[in-house]
Every structure is written in C-alpha cells, then in structure tokens.
Q: 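Structure below; questions to follow.
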Amino acid sequence: MLHEVPGRAGAASPGAQSASLFARGQAVFPDGTTRATVERDPTPRYVLKGEGAFLVDVDGQRFLDLNNNFTTLIHGHGYAPALEAVARLLRDGTCFSNPTAHEIDLAELLVERIPAVEQIRFVNTGTEAVMFAIKAARAFTGRPCIAKIEGAYHGAYDWAEAGQGGTPSTWGSPEAPVAVPAYAGTPASVADEVVILRFNDAEGARRRIAAAADRLACILLDPMPSRGGLIPPDPDFIAAVVETARQYGILVVCDEVLNLRQSYRGASARYGIEPDLIAAGKIIGGGFPIGAIGGSSRVMSVFDGSAGRAKVAQGGTFSANPVSMVAGRVSMEDMTEMAFTRLETMGDRLRTSLTAAIERHDARYVISGVASLFRIHPKQTLPRDYREAHATADEAASMKAMSRFFRDEGIILPAGAAACLSTPMTDADIDKIANTFDRFLATAPSEGEAR
Ligand code: PMP
C-alpha cells in the first residue's frame, strides 16, 4: 500500500504566481523549464529569493531548503561575505581573456587543502570537470575507455552518463552490468568504451577492470554516489579499485563534485583514496558556476601548452571568471575545519534523530549519508549499491508522499536525491526536520499492514 497522507497533500502546492510563470515557461521551453532536474508536484515552484537556510517562493511561501541547489550552497542562500566580495569586483569587469589574481587565490586554497591536488584547472560546471578529467586520463594513458560505477551521476558527457539510469529491465546481470545509454541515439561505440562496475562489489571490480585493462584510461569513482544510495564505500572495494588500477597503469579519477563537501580535505582524503585526478564543482564556486580538474602535476601536465599545443587544450570562454573565483575563495575560506566539524555534528545529530523516529514507529525506512548529506529511503534495509537503492513504484510513491508532507510543513526535502545541511542552519532547524519526519511516520500504516 502506498504511504498516502489523507487531507494533507497540496496544502503548500505551487501557488497562482508559480502557475502563471509556468504557463509562460511552457510557451518557450520544451517542458516549461530549462533543467530536467526541476522538481514538479505537479508543477514547478518558482523562487522569489533565498534567505540563508530558507527560500521564499513567488507566492510568498517560505521553506527550509534541504536541496540547496543540489548540495551546492554550503552557506545557504545569499551568503553575505561572498556577495559583498563579488559586488566590489563587479565594477572592474566580470570576465576577461587574460588571467587574474583571483584564479590563483582560489587555486592556492584548494591545492593547500586537497591532498590529491598539486595543480588545478578551472571550468564552469561539474560536467565539464568530469569531461576534462576523462580527456586528461585518455591523453595521459593513450587509451580510449573508462570504467565507472553503475547508477552514479557525473553530468552530461556521453561516456560519463552511460549506465547512470538503468532499470531492472535494462541493467543486465549482476556479473555483467550494462552501460545503459542515457538517451536514444547515443552512439553504440560509447557503450563499447564504458565498463560498468557495481559499487562495493570488490571481486566484480577486480574481475571487470582486469578483463578490459589494456583499453582502460581511468576508473571514474564517486566515493559516495548520491543516486547509488548515498552509501559510503567499503574499504575493500576502494582497495580493489585502486590496487587493480595501479597494477595495470589505469588512472583513478574521483568525482568530488558533490562529495567534496564531506570534509575540509574532501571525500577521497576522508576514505584514504589517493586519486590521480579529481573533478570538483558546486561548493567551490560560492554559489556561482564552477568546475575544476585537479591532480598530480605529472598527470595535469597534459594541459600544459607552454611548449606548443597541449595534449588536451582545455579552454572555455568563462573558465576561471573572476566572479566565481572570488565568491569561491571567500566561501571556502569560511569553510574552516571547525565549520565542517559543526556541519558534520549537526548531520550526525539529525541522522540519529531520524533513526530513533524510525525505531519508535517500527517503520520501514532507513537513513543513509555522511557529514552534511543524508537520504531517507523507504526501505527495510540500507541499500549497498544503485540496484538496491533503486525505488520500486510503491517506494517512489512513499518518497513523494514524504516530500509533500515535508513541503506542507515548510521544508523542501528532495525526493530521491541527496538532502543536505547548510551553515546557517541551527539545532532548531535540525529538530524541526526530525520532528516533521516523526509526525510523517505517525501518519503511516504501521509495520505489518499491507504495503
Ligand atoms: N558529478 C556529480 C557527482 C554531480 O553530483 C554533478 C551534479 N549534480 C555533476 C557531476 C555535474 O555537475 P554540473 O551540474 O555542475 O554540470
């Protein structure tokens, strides 16, 4: 049975102003918006403004925001120090074909913090960061293929998105997961150039990497894939991936676009991974567009064009634009070790309270996540990988009902994506999230009733 909440659904549905904007949007955009990821229930909610941990929609409804533009806004909305620094900068110009001191300022901070990063290049999105990391790995090794984790989202580069959206009818056997194409018309050659590994399957990773070793440029690894369930990696899985990669001269590329927010030194450092390259994005731009490729000087030398043409000539009209550089530097400077610790303590407190609520109600839910990230799964046991995290139709309906309940209580809870905390949140906000979940579970059919 679905987890319906009688009489509640729709109390904070998008209002008249959102409806009218959506009508205009539908005339000019293919589905009324310009992002596939826009949540709609049943139509999108248009934002008027953000205020710290909250956002206000165009109909005047206010919400605690656990989406934070898909985990980007670690300081919440309108972070004053970043905005003031950007405001000071704007009059002097927003983008140049020349370099600026601002790009060095942000680069120095990241190089100092992230152990795997000796050198870095900036781009504008996580998609580009992953794309250039893959190109760098190909150029460095002279090999065409990549291995990646089933179900992991890495943006829109063809090779990086293969296998990200498999379903039980397309994803193949557990021993030979399929590089399911992301859209019709994807060249078949893409699937031939992508080896899919299952997260936390150490034996499978060793076997599949070894079988394709002479063609593999890199293994693309998100240390805690959000769509894979937001589950931390088993040490033996990490060891299997890294050891096998080293054995065959394959590079390890960690996608930390989302998970850099796990700690002061990022996610690879947290799990003891020593990648050759990382892709970063989201939090390092202070709320403005950004991506970055970082790694060992040896591998990053493929971008070195000082003696002629670089092996990978990475450019980009807006790459390293001073606005993103300045906002990123200010935001990251304020993410001190103490700030990360505080967020993690709040995250631990929240996960503990959510789990206690599940136990109190003997409910069929489970909590995953680390540091400032969490997911609530309408499942009996913690998933170990994308297949186990994949929601059945009933589970997807329960998730939607839960998001609705939260929304009606003034909280934006992303359905099926990672929810996250931001520094302006307080213990009172954490308690509100936990209490809302507790009240949601109180409306649910008790365990043992038909589901
Ligand atoms: N990699 C990961 C792990 C991501 O979460 C995302 C974005 N959600 C991307 C890459 C792509 O980043 P962008 O949307 O900035 O292109």
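Remember, it's 1-based here, ligands and their atoms both numbered in the order they're listed. One-based numbering along the sequence shown. Just so it is clear, the values below take in all heavy atoms, side chains as well, and ignore hydrogens, waters and symmetry mates.
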Q: Please report which non-hydrogen protein atom sits nearest to atom 12 (O) of ligand 1, along with the residue it belongs to and the distance in Å to one decimal place.
A: G126 CA, 3.2 Å
Q: Within 45° of the six-membered ring axis of F374 and under 6.0 Å from that ring's centre, is NZ or CZ of R351 located there?
A: no
Q: Using a strict 4.0 Å cut-off to heavy atoms of T125, name the atoms of ligand 1 that fall inside it.
A: 15 (O), 16 (O)
Q: Among all protein heavy atoms in this structure, tell me which lies nearest to atom 10 (C) of ligand 1, with the distance rounded to 0.1 Å.
A: H154 C, 3.4 Å
Q: Any atom of ligand 1 sitting under 4.0 Å from a heavy atom of F70?
A: no
Q: Under the 4.0 Å line, does any protein heavy atom show up next to atom 14 (O) of ligand 1?
A: no
Q: Applying side chain to side chain donor-acceptor pair (under 3.5 Å), can you list everything that pairs with S422, at least two apart in sequence or on another chain?
A: none
Q: Before we go on, tell me: are the rings of F237 and F199 under 6.0 Å apart, centre to centre?
A: yes
Q: Please name the residue in the list R261, R270, R349 that meets the salt bridge (charged side-chain N to carboxylate O under 4.0 Å, His left out) test with E344.
A: R270
Q: What protein heavy atom is closest to atom 11 (C) of ligand 1, reported as residue, atom name and distance in Å?
A: T127 N, 3.5 Å
Q: Less than 3.5 Å apart, any donor N or O on the side chain of H75 or D334 sitting next to an acceptor on the other?
A: no
Q: Looking only at protein heavy atoms, identify the closest one to atom 1 (N) of ligand 1 and say how far it is in Å.
A: D255 OD2, 2.7 Å
Q: Under a 4.0 angstrom heavy-atom cut-off, which atoms of ligand 1 come close to L258?
A: 5 (O)
Q: Do T355 and T352 get their side chains close enough for a donor-acceptor pair, meaning under 3.5 Å?
A: no
Q: Out of all atoms in ligand 1, which are within 4.0 Å of some heavy atom of D222? Include the element for each.
A: 3 (C)
Q: Can you confirm whether F318 is buried at CZ, in the sense that more than 12 heavy atoms of other residues, nucleotides or ligands lie under 6.0 Å from that atom?
A: no
Q: Look at ligand 1 and say whether K282 reaches it with a heavy atom at a distance under 4.0 Å.
A: yes
